Amino acid sequence: RNFTTRKMVLEYDDVMNKQREIVYTERNKVLLGENVHDEIENMMRNRVNIIVDAFTNPKTDWDEWNVEGLNKEISLKLLPETPEFLTQERAKLWMIEEIKEQLLGAVQAAYKFKMEQVSAYAEQHGIEPFDQAEFERTALLLIIDDQWMEHIDSMDALRHGIGLKAYGQQDPVIAYKKEGFEMFDDMVDRIHEEVVRYVMFAPVAIKVDRNANRPIITSATHGARELAPRKKQPDVKAQEPRRNDPCPCGSGKKYKNCCGSGE
């Protein structure tokens with residue numbers, strides 16, 4: 001019985017470790033300074049496709065679509081201050097795929113214009129040029145971290161409640177893997193949605209750091225973020241965990257059986 005219990009715990013941990021590996025691979029790209037502009041454009045295309053598909057139907061005429069709902073969703077998640085992107089005239093002329101391409105083009109153009117405005121402001125005030133690539137990395141990192149922390153809590157709750165599946169003649173480990181995968185997929189979808197909404201809607205205001213003569217970006221949702229590499233902070237030695245505490249490496253094992261084993 002003890003062997004079976006330990007085996008199940010390891011299988012539970014294996015699910016989280018695989019998910020953690022995927023998330024941290026993407027997160028490390030940001031931390032290493034890779035350009036994520038293409039990824040954000042792919043997210044924009046993904047969101048456009050999802051939103052348009054949700055409110056249209058290729059098997060019916062446009063007047064049977066939920067055009068009002070589509071326009072509301074566009075104004076809330078893609079294009080600020082655009083209450084009616086799909087007019088009756090456009091709906092009569094455009095097929096669904098053309099709606100997607102036109103909408104994606106409008107989103108890309110609006111984002112480009114927003115970045116050009118911020119850059120022009122920085123140039124006008126004679127400060128260091130606005131770093132769009134850093135803004136995009138910051139946005140992606142913030143959203144990944146927020147969503148990943150929520151996902152960890154949700155997976156922990158799932159793990160504690162999954163034993164009830166055994167009463168329904170289901171293998172709890174298989175059920176955990178299946179539901180965990182679905183939850184991970186939902187998290188990725190939320191990351192895409194929130195990143196696009198952030199870069200399109202977050203009000204960007206440049207303030208000048210008088211000491212370093214560099215711009216600082218502020219947004220209503222996450223406060224100030226420097227648009228320049230941060231100075232390396234001195235290492236602070238963390239308090240060593242106790243032997244029976246969860247290992248800080250994230251393996252799911254106790255500290256004494258993992259990094260604290262001395263092996």
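Only heavy atoms go into these numbers, but all of them, side chains included; no hydrogens, no water, no symmetry mates. Please read these numbers as outputs of a predicted model, since none were measured by experiment.
Distance check, rounded to the nearest 0.5 Å: CG of L86 to CD of E84 gives 8.0 Å. Within the model, atoms CG of D186 and CD of Q147 stand 10.5 Å from one another, a figure rounded to the nearest 0.5 Å. How far CD of E116 is from CD of Q132: 9.0 Å, rounded to the nearest 0.5 Å. From I191, atom CD1 reaches atom CG of D146 across 9.5 Å, with rounding to the nearest 0.5 Å. For the atom pair CH2 of W62 and CG of N57, the computed distance is 15.0 Å after rounding to the nearest 0.5 Å. In this structure, CG in N35 is found 11.0 Å from CD in E134, a value given to the nearest 0.5 Å.
Side-chain N or O atoms of D61 include none that pairs as donor or acceptor with a backbone N or O of D63 at under 3.5 Å. A donor-acceptor contact shorter than 3.5 Å is absent between the side chain of N71 and the backbone of P83. Although no hydrogens or angles enter the test, the distance criterion places a donor-acceptor pair under 3.5 Å between the side chain of N28 and the main chain of Y24. Remark: the backbone N or O of D145 is not paired with any side-chain donor or acceptor of R27 at under 3.5 angstrom. For T25 (side chain) and V23 (main-chain N/O), no donor-acceptor pair under 3.5 Å exists by modelled atom type. Under a 3.5 Å cut-off, the side chain of N66 and the backbone N or O of F55 do not form any donor-acceptor pair. Remark: the backbone N or O of G180 is paired with a side-chain donor or acceptor of Q19 at under 3.5 angstrom.
One hydrophobic cluster, built from ILVMFWY side chains closer than 4.5 Å, cannot hold both L141 and L32; they sit in different ones. When hydrophobic clusters are built by joining Ile, Leu, Val, Met, Phe, Trp and Tyr residues whose side-chain heavy atoms come closer than 4.5 Å, directly or via intermediates, I22 is grouped together with M149. Clustering ILVMFWY residues whenever any of their side-chain heavy atoms sit less than 4.5 angstrom apart, transitively, puts I74 in the very cluster that holds L93. If you chain together hydrophobic residues whose side chains sit under 4.5 Å apart, F181 and I152 never meet in one group. No single ILVMFWY cluster, assembled from side-chain heavy atoms under 4.5 Å apart, contains both F113 and V199.
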Stepwise, does the side chain to side chain contact (heavy atoms under 4.5 Å, CB included) test hold for V15 with F184? CA-CA 10 Å; V15 173; F184 185 80; over 6 Å; no
Test side chain to side chain contact (heavy atoms under 4.5 Å, CB included) applied to M115 and F135, step by step: CA-CA 10 Å; M115 294 297 99; F135 166 66; 3.7 Å; yes
Chi angles and distances behind the salt bridge (charged side-chain N to carboxylate O under 4.0 Å, His left out) call for R190, E194: CA-CA 6 Å; R190 289 195 305 273; E194 291 303 317; over 6 Å; no
Salt bridge (charged side-chain N to carboxylate O under 4.0 Å, His left out) between R45 and E41: does it pass, once the steps are laid out? CA-CA 6 Å; R45 180 178 292 276; E41 288 218 329; over 6 Å; no
Review item, side-chain donor-acceptor pairs of residues 102-112, under 3.5 Å, at least two apart:
unit_1: Y111; atom_1: OH; unit_2: E136; atom_2: OE2; d: 2.7

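When every heavy atom of R137 is checked against every heavy atom of V30, the shortest pair comes out as O-CG1, 3.3 Å. In terms of heavy atoms, A139 sits closest to Y198 at CB-CD2, 3.4 Å.
At most 12 heavy atoms of other shown residues, nucleotides or ligands fall within 6.0 angstrom of atom CE in M95. E21 CD: 12 or fewer foreign heavy atoms inside a 6.0 Å radius.
In this structure, a donor-acceptor pair under 3.5 Å is present between the side chains of R20 and N17.
The side chain to side chain donor-acceptor pair (under 3.5 Å) search around R90 returns none, not counting sequence neighbours.
Here the side chains of E150 and M187 are not in contact, with every heavy-atom distance at 4.5 Å or above. With contacts defined as side-chain heavy-atom distances shorter than 4.5 Å, the pair Y176/M16 qualifies. Inter-residue side-chain proximity for D189 and I50 is flagged as met; some heavy-atom pair is nearer than 4.5 Å.
Checking T56, N46, L70, L76 one by one against I51, the side chain to side chain contact (heavy atoms under 4.5 Å, CB included) holds for a single residue, L70. With L78 as the partner, the side chain to side chain contact (heavy atoms under 4.5 Å, CB included) test is satisfied by one option alone out of M44, R47, E193: R47.
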